[in-house]
Amino acid sequence: MKKFFSIAALALAMSTGVQAQTDVVPNRMIVSSKVDSKAYAVEHVDSIYFARKEGEVKANVEFISYEKNEDEGDIVYVKVTRTDPKSTFKIDVLPTNTAKRYDDITFARYFEQQSTSQKLTEDFAQGKLSGFAREFTANTPYTVVTLAYDEYGVPCQVSRANFTTPKVPTVGTPSVTYTIDETTSNSFTLTVTPNKDCEEFYWCMFEKGKAQEQFEQWGPMMGFSNIEAMIKQFSGKPYSDEATNTWKELAPGTDYEVAVLPVDVEGNFGDLVYIYVTTKAQGGDGVAQVGVTVGKYENSGGSYVQTITFTPNDQTLLFHDLICLKSEYEKNGGDKWATELLKEDNSQDPNWNQYGVDKYIFEATPNTAYYALALAKNAKGEWGPLTKHEFTTGAAPSGVAPAKVVSFPKRVAAKKAAKRTAVVPVKRSLQLVK
């Protein structure tokens, strides 16, 4: 059943509601949804009505097969069955790593704003998808996606079907061997040797289990179809001979993995080799605490800078530190505030967890009192006492412009947000034919 409203009634309702407040009659009608927004000139609107749609509106898609040939490139065969004969649908193929980040609303925006897919009006027992502008990557998961539209043109439900492209046979069996040469509490050294079938290799280090997580995070943004492409890009350069590397500034007692990608003489990827290393433990069961040394207050690059050195004792596993104006310290809760703040985790700041001597240089105001604050944790996970060291900067060094007063000098400058780039659709001239 439809509820019908004439344009005259609409204009009257709009003008009555707005005139009471502004005495201005609106002449635009804006309809906003989670997918997009549309605006209309009121004088062009003929009528507005509401309708109720019963039942599911979906174009169920099933993957049948995949092939590749020299003439047409990548070809995907699918079956598509609509649940509503009045409905239409759009279809596309994306890397699975991208597709699984999209819900139905996001896909509706994608099909409206990025995809060039046309609306289709019939079912396909064995439809053929071809005409992909971008070549598929071997040994990579992909997802066929459909979005159904009802007879009113409303985007409804999404259907997905996953498949994986075949792996390209390599020339021989490219791989590597390795040795773990040295491990300390904050570093480890590896030597990797390629075999005779390995023309070159790439490698990257992660915390254990993080390689896949990094791929899922950065793959859609940076266009990586598979984890191998990410390893190659992040490595920076290829290695064709035996290579040794030391990874430094690591966390004590932490599991790491080095992902090594071997490549054959024709540039085909071999199987990833994962090397697992655990750094040595640090700290003890006693009281963990941090000492503070105040260094020079001097001219550096046209600014007044103060040097503070935080030194943990041998019972410390890790510690957190920061600088705060004395005048602001009590306003924010004093020792209780500082202790709670320093106990917090901050995974977004790579310099929050400190494991050794930390020499910190920051821009400071002349003749001003500060607190150097630190809190340490021992190997048992027990927090030690709060370190609160008061110091006052000296007079302004000559020939330097006054520094800006900062209530809470940041321990580390905030990281810039990663620039999100639009995901380029896999296809440009994709066609579904019987």
> Which distance, rounded to the nearest 0.5 Å, do you find between the CD1 of Ile64 and the OH of Tyr66?
Replying inline: 16.0 Å
> Does the side chain of Lys90 come within less than 4.5 Å of Glu112's, by heavy atoms?
Replying inline: yes
>> How close do Ile75 and Ser130 get, counting heavy atoms only, and between which atoms?
In response: CG1-CB, 4.3 Å
> Are Tyr142 and Asp74 side-chain neighbours, meaning at least one heavy-atom pair lies under 4.5 Å?
Replying inline: no
> How are the rings of Tyr276 and Tyr274 set to each other: parallel, tilted or perpendicular (split at 30° and 60°)?
Replying inline: parallel
> Hey, mind stepping through Thr339 and Leu386 against side-chain contact (heavy atoms from CB on, under 4.5 Å) and telling me if it holds?
Replying inline: CA-CA 7 Å; Thr339 300; Leu386 173 68; 3.9 Å; yes
> Step by step, would you call Trp383 with Lys343 a side-chain contact (heavy atoms from CB on, under 4.5 Å)?
Replying inline: CA-CA 8 Å; Trp383 292 101; Lys343 283 183 178 180; 3.7 Å; yes
>> According to side-chain hydrogen bond (donor to acceptor under 3.5 Å, both in side chains), who are the partners of Asn353, at least two apart in sequence or on a separate chain?
In response: His320
> So do Thr246 and Phe188 actually touch side chain to side chain, heavy atoms under 4.5 Å?
Replying inline: no
> Are Thr293 and Thr309 close enough that a side-chain donor and a side-chain acceptor fall under 3.5 Å?
Replying inline: no
>> Please check this pair: side chain of Thr254 against backbone of Pro252, looking for a donor-acceptor N/O pair closer than 3.5 Å.
In response: yes
>> Given 3.5 Å as the limit, does a donor-acceptor pair link the side chain of Asp197 with the main chain of Gly172, or not?
In response: no
> Is any side-chain heavy atom of Val144 closer than 4.5 Å to a side-chain heavy atom of Ile91?
Replying inline: yes
> Just checking, Lys237 and Tyr202: is the charged tip under 6.0 Å from the six-membered ring centre and within 45° of the axis?
Replying inline: no
>> Let me confirm one number: the CD-CD distance from Gln126 to Glu62, rounded to the nearest 0.5 Å.
In response: 12.0 Å
>> Lys58 vs Asp84, test: salt bridge (charged side-chain N to carboxylate O under 4.0 Å, His left out). Steps then yes/no.
In response: CA-CA 7 Å; Lys58 192 173 184 180; Asp84 183 344; over 6 Å; no
> Donor-acceptor pair, Thr165 side chain versus Asn139 backbone, under 3.5 Å?
Replying inline: yes
> Is it the case that Asn162 and Thr143 place a side-chain donor and acceptor less than 3.5 Å from each other?
Replying inline: yes
> Under 4.0 Å between a Lys/Arg side-chain N and an Asp/Glu carboxylate O for Lys53 and Asp150?
Replying inline: no
> Do Glu199 and Asp264 come within less than 4.5 Å of each other through their side chains, counting heavy atoms only?
Replying inline: no
> Are Val158 and Val145 close enough, and set up right, to give a side-chain contact (heavy atoms from CB on, under 4.5 Å), and what steps lead you there?
Replying inline: CA-CA 7 Å; Val158 166; Val145 183; 3.6 Å; yes
>> Tell me which one of Thr191, Thr189, Asn245 satisfies side-chain hydrogen bond (donor to acceptor under 3.5 Å, both in side chains) with Asp181.
In response: Thr191
>> Is it the case that atom CG in Asp345 sees more than 12 heavy atoms from other parts of the structure closer than 6.0 Å?
In response: no
> Looking at residues at least two apart in the chain, or sitting in another chain, which of them share a side-chain hydrogen bond (donor to acceptor under 3.5 Å, both in side chains) with Glu67?
Replying inline: none
> Mind checking whether Asp335 and Lys388 have side chains closer than 4.5 Å, heavy atoms only?
Replying inline: yes
> If you draw the axis of the six-membered ring of Phe319, does the NZ or CZ of Lys377 fall within 45° of it and under 6.0 Å from the ring centre?
Replying inline: no
> Measuring from Tyr329:OH to Ser327:OG, what's the distance to the nearest 0.5 Å?
Replying inline: 13.0 Å
>> Using 0.5 Å steps for rounding, measure from the CG atom of Leu373 to the CG atom of Leu322.
In response: 5.0 Å
> Does one side chain, of Asp255 or Thr278, offer a donor that lies under 3.5 Å from an acceptor on the other?
Replying inline: yes
> How many angstroms lie between CD in Glu56 and OG in Ser159, if you round to the nearest 0.5 Å?
Replying inline: 9.0 Å
> Are any of the side-chain heavy atoms of Asn60 and Thr83 separated by less than 4.5 Å?
Replying inline: yes
> Of all heavy-atom pairs between Ala251 and Thr279, which one has the smallest distance, and what is that distance?
Replying inline: O-OG1, 2.6 Å
> Would Glu257 and Lys210 pass as an ion pair if we require N to O under 4.0 Å?
Replying inline: no
> Looking at Glu200 and Pro238, what are the two nearest heavy atoms and their distance?
Replying inline: OE1-CB, 3.5 Å
> So, Trp337 side chain and Lys331 main chain: donor-acceptor pair closer than 3.5 Å or not?
Replying inline: no
> Between Asp358 and Gln354, is there a donor-acceptor pair closer than 3.5 Å when you use the side chain of the first and the backbone of the second?
Replying inline: no
>> For Tyr239 and Trp203, I'd like to know if the aromatic rings sit close, meaning centre-to-centre distance below 6.0 Å.
In response: yes
> Does Tyr77 have any ring-ring contact (aromatic ring centres under 6.0 Å, His included) partners at least two apart in sequence or in another chain, and if so, which?
Replying inline: none
>> Is it the case that atom NZ in Lys68 sees more than 12 heavy atoms from other parts of the structure closer than 6.0 Å?
In response: yes
> Aromatic ring centroids of Phe224 and Phe234 under 6.0 Å?
Replying inline: yes
>> On a heavy-atom basis, which atom in Met205 and which in Tyr256 lie closest, and how many Å separate them?
In response: SD-CD2, 3.4 Å
>> I'd like to check the side-chain contact (heavy atoms from CB on, under 4.5 Å) partners of Pro141; sequence neighbours left out, ordered by chain and number.
In response: Thr96, Thr164
>> Between Glu228 and Lys232, does any NZ, NE, NH1 or NH2 come within less than 4.0 Å of an OD or OE carboxylate oxygen?
In response: no
> Do Glu54 and Arg52 meet the salt-bridge criterion of a basic N to acidic O distance under 4.0 Å?
Replying inline: yes
For a quick test of your reading: what N or O donor-acceptor pairs under 3.5 Å do the side chains of residues 281-289 make, sequence neighbours left out?
{"residue": "Gln282", "atom": "NE2", "partner": "Thr316", "partner atom": "O", "Å": "3.4"}
{"residue": "Gln282", "atom": "NE2", "partner": "Leu317", "partner atom": "O", "Å": "3.1"}
{"residue": "Gln282", "atom": "NE2", "partner": "Tyr355", "partner atom": "O", "Å": "2.9"}

>> Do the side chains of Lys100 and Glu216 get close enough for a salt bridge, i.e. N-O under 4.0 angstrom?
In response: yes
> So does Lys280 have more than 12 non-hydrogen atoms from other groups sitting under 6.0 Å from NZ?
Replying inline: no
> Measuring from Thr146:OG1 to Arg82:CZ, what's the distance to the nearest 0.5 Å?
Replying inline: 11.5 Å
> Between Phe89 and Leu147, is any pair of side-chain heavy atoms under 4.5 Å apart?
Replying inline: no
> Which heavy-atom pair separates Ala39 from Ile30 by the least distance, and what is that distance?
Replying inline: CB-CG1, 3.9 Å
> Pick one: which of Tyr370, Phe362, Tyr360 meets side-chain contact (heavy atoms from CB on, under 4.5 Å) with Gln306?
Replying inline: Phe362
> Which heavy atom in Thr365 sits nearest to a heavy atom in Tyr297, and how many Å separate them?
Replying inline: C-OH, 3.4 Å
>> Test of understanding: with side-chain hydrogen bond (donor to acceptor under 3.5 Å, both in side chains), list the residues that count as partners of Thr140, not counting sequence neighbours.
In response: Asn226
